[in-house]
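Contents: one structure, followed by commentary.
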Amino acid sequence: MGKFFTNIWTKRAVSILSPLYCIPVVYLSYLSIFYEMSVLNPVTICVLLSAVSLIALVAMLYTRKQLLTIITSLLLLPALLPAVLLYFGQWHVLIPLLVVALLIFFFSGLGETAKTVYGTIFVLLYLLGSLVYFLMTTLFAPSTVSNVVEDGLSPSGDYRYEVINTIDSSDGSTTVIVEPNTMDKNMDMVLFRIRGMGRTVSLTRPMQQTCSIEWKTEKRTDITSKISAISKDITVTLSDAQMKMLGLAAYEVTYSGSSPVKMMPEQYHAIEVSLTADQMKTLQTDKQVYMLDELSDNALKKLGITVKDLRTVKFSELKDADLVKLGIPEQGDVMYCNGKPVFRYYIAILEEYFDISKQEIGLT
């Protein structure tokens with residue numbers, strides 16, 4: 001049995017646990033940037049994390065001289081930095097991870113000189129990271145006081161909202177923010193609530209003492225009729241993907257001395273522009289080939305190329321069948337604030353309010 005545990009291949013096999021432990025730690029730091037964490041059962045999660053961390057620590061100490069474990073020992077501390085800063089105070093989650101990261105770093109098979117160098121780098125990394133975080137969240141924070149006075153869910157549960165009263169140097173303001181309620185990550189004992197996806201649908205100055213919020217379920221066709229009744233000229237800007245769904249040209253390109261050509265999104269984004277020596281001199285560049293969509297308006301003008309964006313269309317031009325193609329359900333949630341419609345599921349989907357690519361990164 002002793003030979004089994006001293007066998008180099010046994011240690012190499014067990015060392016695979018090191019990166020397997022490191023991967024969820026890195027994932028936690030990724031989540032800390034894009035999600036707020038709420039621990040639903042602190043005691044259970046602390047015990048569970050401690051048990052898993054202890055097993056991982058024993059495995060890493062046993063294989064401390066193996067390459068995978070040495071690499072993991074160097075990755076854990078810097079990988080934990082975002083989680084430590086953004087989830088500061090959630091010690092029932094952070095302490096087991098930090099203890100493992102520190103112990104395996106100090107007891108890994110890395111040479112003492114290397115430990116001293118990397119240890120110094122990690123200390124500076126944490127100090128500088130904490131300083132930058134402090135400056136961003138404290139010194140540059142607006143001098144206002146905000147209070148959530150009301151929150152809730154839409155009838156379908158697809159959206160949540162908050163009514164926030166803000167006290168500032170003037171008369172304050174009342175803001176209504178809508179967020180998606182279907183993009184969180186619920187891991188039973190821990191809830192990761194997405195951040196940076198809030199949409200301000202109403203902003204009123206001065207601060208309102210009362211703000212009446214009412215949700216209704218309305219049909220797509222009724223919303224279309226209401227929008228059309230306001231004006232036939234109301235427009236919406238669609239994305240390339242939406243134009244492709246509708247089978248419509250998204251751009252019109254005109255080269256000097258030629259007729260305009262309408263193009264589908266994929267055609268437009270695939271066009272290469274080869275520059276002559278004179279054109280390279282005009283643009284002051286050494287690059288001979290550019291993609292058309294990466295040229296600035298000024299560069300296009302100098303090259304005699306005109307690009308017209310056709311993605312802005314009138315609501316009146318969109319048929320109900322087109323809306324079905326764009327994924328607009330037959331009915332959905334509409335919010336009224338003080339009797340005025342401020343949020344329609346129809347518009348939120350059409351204008352991609354909650355597209356993940358539009359997520360903003362917050363430091364709080």
Going by the rule side-chain contact (heavy atoms from CB on, under 4.5 Å), which residues pair with [X] if we only count those two or more places apart in sequence or in a different chain?
X: Met291; answer: Glu272, Asp293, Glu294
X: Asp278; answer: Thr276
X: Met189; answer: Asn41, Thr44, Ile45, Leu48

Just to verify, what does [X] make a ring-ring contact (aromatic ring centres under 6.0 Å, His included) with, not counting sequence neighbours?
X: Phe315; result: none
X: Phe354; result: Tyr159
X: Phe105; result: Phe122
X: Tyr290; result: none

My understanding is that only one of Ile177, Leu203, Asn147 makes a side-chain contact (heavy atoms from CB on, under 4.5 Å) with Ile164; could you say which? Ile177

Is it true that [Y] and [X] share a donor-acceptor pair across their side chains at a distance under 3.5 Å?
X: Glu218; Y: Tyr345; value: no
X: Asn338; Y: Ser212; value: no
X: Thr166; Y: Ser146; value: yes
X: Ser18; Y: Thr69; value: yes
X: Thr182; Y: Asp158; value: no
X: Ser274; Y: Gln288; value: no
X: Thr200; Y: Thr175; value: no
X: Thr174; Y: Thr204; value: no

[X], [atom1]: over 12 other non-hydrogen atoms inside 6.0 angstrom:
X: Asp309; atom1: CG; answer: yes
X: Tyr255; atom1: OH; answer: yes
X: Lys358; atom1: NZ; answer: yes
X: Lys287; atom1: NZ; answer: yes
X: Glu266; atom1: CD; answer: yes

When rounded to the nearest 0.5 Å, the distance separating OH of Tyr251 from NE2 of His269 is 4.0 Å

From Thr63 atom OG1 to Lys11 atom NZ, the distance as rounded to the nearest 0.5 Å: 9.0 Å

Which pairs, with at least one residue in residues 95-119 and sequence neighbours excluded, count as a side-chain hydrogen bond (donor to acceptor under 3.5 Å, both in side chains)? none

Do any pairs count as a side-chain hydrogen bond (donor to acceptor under 3.5 Å, both in side chains) and have a residue in residues 91-107, sequence neighbours left out, and if so which ones? Gln90-His92

Which residues satisfy the side chain to side chain donor-acceptor pair (under 3.5 Å) test with Ser53, sequence neighbours excluded? Tyr21

Charged N to carboxylate O under 4.0 angstrom, Glu179 versus Arg195? no

Before accepting this row, confirm whether a basic side-chain N of the pair Arg160/Asp184 lies closer than 4.0 Å to the acidic partner's carboxylate O. yes

For a quick test of your reading: what N or O donor-acceptor pairs under 3.5 Å do the side chains of residues 70-80 make, sequence neighbours left out?
from: Thr72; atom 1: OG1; to: Leu68; atom 2: O; distance (Å): 2.8
from: Ser73; atom 1: OG; to: Ile70; atom 2: O; distance (Å): 2.5

Partners meeting salt bridge (Lys or Arg N to Asp or Glu O under 4.0 Å) with Asp355 (sequence neighbours left out): none

Which of Arg311, Glu352, Glu351 passes side chain to side chain donor-acceptor pair (under 3.5 Å) with Ser239? It is Glu352

Decide whether a cation-pi geometry holds between Arg199 and Tyr353; the criteria are a distance under 6.0 Å from NZ or CZ to the six-membered ring centre and an angle within 45° of the ring axis. yes

Establish, yes or no, whether the cationic atom of Lys216 lies under 6.0 Å from the six-membered ring centre of Tyr336 and within 45° of the ring axis. yes

Whether the side chain of Arg12 engages the backbone of Trp9 through a donor-acceptor N/O pair (distance < 3.5 Å, no angle test) should be reported. no

